[in-house]
Each structure stands twice: as C-alpha cells, then as structure tokens.
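Computed from heavy atoms alone, side chains included, the values below leave out hydrogens, waters and symmetry copies. In what follows, every chain begins at residue 1, and chains take the letters A, B, ... in the order their sequences are listed.
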Number of protein chains: 2
Amino acid sequence: MSKPLSGRKPSAKREAILDAAQVVFLDVGYAAASMDGVAARAGVSKATIYAHFTSKDQLFSAVIQRRCERSEAFQSIDSQGDVRAVLTGVARRLMTLLLSPEALAMYRLVVAESLRQPDLARAFYDSGPAAGKAQIAAIMADLADRGELVLDDPWVAADQFIGLLRTDLFMRTLLGLPLRDGQTLDGVTVGAVDVILRAFGPKR
Amino acid sequence: MSKPLSGRKPSAKREAILDAAQVVFLDVGYAAASMDGVAARAGVSKATIYAHFTSKDQLFSAVIQRRCERSEAFQSIDSQGDVRAVLTGVARRLMTLLLSPEALAMYRLVVAESLRQPDLARAFYDSGPAAGKAQIAAIMADLADRGELVLDDPWVAADQFIGLLRTDLFMRTLLGLPLRDGQTLDGVTVGAVDVILRAFGPKR
DNA sequence: TAAAAACTGAACCGCTTGGTTTAGTTTTGC
DNA sequence: GCAAAACTAAACCAAGCGGTTCAGTTTTTA
C-alpha cells in the first residue's frame, strides 16, 4: 500500500528482486522477460515488485544502473615495468572483461534498447566504455611521460588500442558464432600490442 | 487459400511486405514490431502476409537475409595508387557504411537476437563483417605484394584496420549519444591510416 | 470471358502481458 | 505487545499479440 521510499537502503527483498531481474533480463532479453517470471525467480509476489519499482522499464533501468556502478574493471593497474608487459597486461584484462558472458549479455541488451532508453545508454557508456578508456588513457599517458611511448594524444591512442582488441574475435563471440581455428585471446592481444608498439614505440 | 510457392518471383505484394517489415523491424525492434503494424504499413491485409510468410520469425529472417544479400559494400575498389590514398579511401568507405542509420539499426537488431536466432547471426556475419573483412584483406594483400606494406598476414592486418575504425565514434553513434567535439569521421579515418602505415609501412 | 489464383477486411481465438486490487498474513520497530 | 509497514497469493483487468478463418472482391492468365 505504501512504497518504501526509504532512500536506497538495501532492503533484502529489493536486492532479491534486482538479482532475479538481472538474471532474467540478461538471459532472455528485455521484451521476452515477464514480471511474473522475475517475481517467481525472486521468490517474491508481483505486488512486492510494484511496491519497489514503478514499472518494468524502471526495474530494467535499475538493474543496468546497479551493474554499471559495480564495475571496477581496471582499478590497480601498475604502469611500472616494461612497456610491452604493461600494455599486454592491460590488453589481456580488457579482453577477458569484454568477452565475459555477462558483459556480452549486457552489451546486447543495452545496444538493443539504447534508442528507446537513452538514459540507460548513457549510464552504460559512462561506466563502461568511457571509464575503461579513461583508465587506459591514463596508463598510456604515463608511459608517454616515461618516454616509452610517443603520443600526440593518449586518449586517441587508448581509443585505438581498444579498437585493436575489439576485432573479429569479439564480433564472433558477441554473435554466438564459433571461433576460427587459431583465433585466441592471446593472439589478438599480442597483435594489438605489436601494432601499438610499432606505431608509438620510441625506437624510430 | 494457396500459397504462392512460385520460387522467389518478385511478387509486388511480397516486396511491399518485405519493405514495410524492414522499416518496422529496424525501427522499433523485433519484439515490439507487430504483424498488424507491418500489414498496415505495407498496405496489405494480414492474411496476405501469412500467405507469403509462415511466421513472424520467418518474415524477420527474410528481411535480414534480403538486406544482407544486397550489400555490395566494397565492389570496385582500386588498390592502385598511393598507399595512403588507397587505405584512406577504404577507411572512409567503411566508416560511412558502418555509421549509416540502416547499418546501425541492423546491427542493433541482429546483436540483440543473435542468441535466439543463430542462423540469422550467421547470415549477418557472413555477408557483413566477414565479407567486408575479405575485401579489405584482399586489398591489403595487394598492397603487400607491391611492397607498399609489410604484412605477416593480410587477414590479421585487415582485422586490425577495421578495429581501428570501430572506435569510440562508432560506439557513441551506435548508442545514440552525441559526439564529442572534434570527433569526426575524417579524424578517425586519418588516425587509423596513420597507425597502419606506421605499423606496416615499408620505411623502417 | 471464365476459371483459378491472389487478395481483402474484419471478425475471431487463445494466450500472455504489464499492472492493480483485495483480503489476509508476517515482519519490523519501539 | 501492538500498531504500522511489508509482504503474499490469487484473482482480476484491459489490451495487445500471433495466427486463423471466411465470405467476398480483385487480379491474373490463357
């Protein structure tokens, strides 16, 4: 009858609903997900859901927002050490993140709904691609300061580095297609680092 | 009463249905699109749709397939001339294709449905990303033969070249977010070509 | 011109959906 | 220990969906 307006105190039920909704949405997609399904999975009555969230849209949005806030993909990367080693570490980390089933599911969802729910697209972009790029740009700027790289603009370089990682391997995985023979995470990683080093390495 | 099994003769109604379905699907997404809506837009009765297509799924599939078959993105590219000019031409062409509203809408759709409709994902991949990559790889192989590039594997290089183009600009456009200041198609194009030339150019 | 095929439009079916309500039960806070 | 708040289960609603049917009209074809 009355909504728990109580700030965002992590009510147990509320969390259960969000957890269940996350699973259902990421699993079957936005449109195919039903509120009854979410309620069942959460072990909660449908009325309770509507006591916490005003609509399916809003629940969906809350799910994505929460997942976004939680992502701390690149905290604590040490930019010390050999350039190649640093870049390889970053690349491998980003690759495993990009290729993780949850990240892919989320990407599929957000991309599909982005035009219908611009706020969501923004939230996703800011806490996903933009945040990652910022971290990588910072690292590359560091390397440039140490003279290990020669960069006009670390942001552009970071952008290009990421692009070199999101290649065919990513596309195939995203689409659920089998990988080609010899198409490996490490292969792509090494290839990208090679290109970056040849393009921006100090040895000229 | 009887279905026009007549091969794939381009019946006028059939085309009208496909056209309308394409607009509707690409516009509102698969789930949100209704057969009544398609019928209305096609100026056709719903029964006629079901005389030509067995289900919503199949209609959707037919729409995507048709769009895929039609794409002849890179026919007639001359790999003669200055390396930089050739690469820039290719890049600009690919960028405009990638950023076109229809291509983006299609990408959103297919990515969203890929897990539910694997055949569709495959068809899209083969006639889209894979076909493009093949064309670009061929061009790069040409350039390598002429000694303008030094490549281990033109396929890998093509993959990386494409990756360098599908960067932040693409992501933002895909998500419907406004572009950053100074974020232009030409900027990305030039940047990608620069990297490729520095990484694979002959002057060492 | 006449039979066959394609098409219409609207009614219709069964089902699911998002969302609400109600009446009653449990949990919580003080 | 009690009142307020949270929750439940189930019924319920209106709407929209994919898909079918059908009686009647138009178009094709030869």
So G37(B), base contact, sugar-phosphate only, or nothing? Heavy-atom distance under 4.0 Å. nothing

Here the distance between atom C1' of dG18(D) and atom CG of L59(B), to the nearest Å, is 12 Å

Audit row: R92(B), D186(B), salt bridge (charged side-chain N to carboxylate O under 4.0 Å, His left out) steps and yes/no: CA-CA 7 Å; R92(B) 189 170 278 121; D186(B) 269 12; 3.2 Å; yes

Does a salt bridge link D126(A) with R122(A), judged by any charged N lying under 4.0 Å from a carboxylate O?
-> yes

Here the distance between atom C1' of dA15(D) and atom CG of D36(B), to the nearest Å, is 13 Å

| query | Does D168(B) come within less than 4.0 Å of R180(B), counting only side-chain N to carboxylate O? | reply | yes

task = Select base, sugar-phosphate, or nothing to describe what T48(A) touches, counting heavy atoms under 4.0 Å on all strands.
result = base

Separation of dT20(D) atom P from F53(B) atom CZ, nearest Å, is 15 Å

Original post:
Angle class for the F124(A)/Y107(A) ring planes (parallel below 30°, perpendicular above 60°, tilted otherwise)?
Top reply: tilted

Quick note, K56(B) side chain, CB onward, closest among dG19(D), dA9(D), dG9(C) is dG19(D)

When rounded to whole Å, the NZ to P distance for the pair K46(B) and dG16(D) reads 13 Å

Out of dT8(D), dT8(C), dT20(D), minimum distance to the side chain of Y50(B) belongs to dT20(D)

note: Q58(A), atom CD; dG19(C), atom C1'; distance rounded to Å ~ 14 Å

Side-chain contact check for A47(A): nearest option of dT17(C), dA9(D), dG9(C) is dA9(D)

Would you please confirm or rule out a distance under 4.0 Å between OP1 or OP2 of dC7(D) and any side-chain N or O of S45(A)?
no

Of the candidates dT20(C), dG18(D), dT8(C), the side chain of M35(B) sits closest to dG18(D)

Only residue of L143(A), L151(A), V150(A) satisfying side chain to side chain contact (heavy atoms under 4.5 Å, CB included) with F200(A) is L151(A)

Atom CD1 of I49(B) and atom P of dC17(D) are separated, to the nearest Å, by 13 Å

R14(B) atom CZ is separated from dC7(C) atom P, nearest whole Å, by 11 Å

If each end axis of the helix from dT1(C)-dA30(D) to dC30(C)-dG1(D) is fitted on five C1' pair positions, the angle between them, to 10 degrees, is 40°

In whole angstroms, the gap separating P of dC17(D) from CG of D57(B) amounts to 16 Å

- Query: What is the nucleic acid contact for A33(B), judged by heavy atoms within less than 4.0 Å: base, sugar-phosphate only, or nothing?
  - Reply: sugar-phosphate

To the nearest 0.5 Å, atom CG of L165(A) lies from atom CZ of R93(A) at 14.0 Å

Considering just the side-chain nitrogens and oxygens of H52(B), establish if one lies under 4.0 Å of OP1 or OP2 belonging to dA6(C). no

Q: Answer yes or no: does atom CZ of R41(A) have more than 12 heavy-atom neighbours from other residues, nucleotides or ligands under 6.0 Å?
A: no

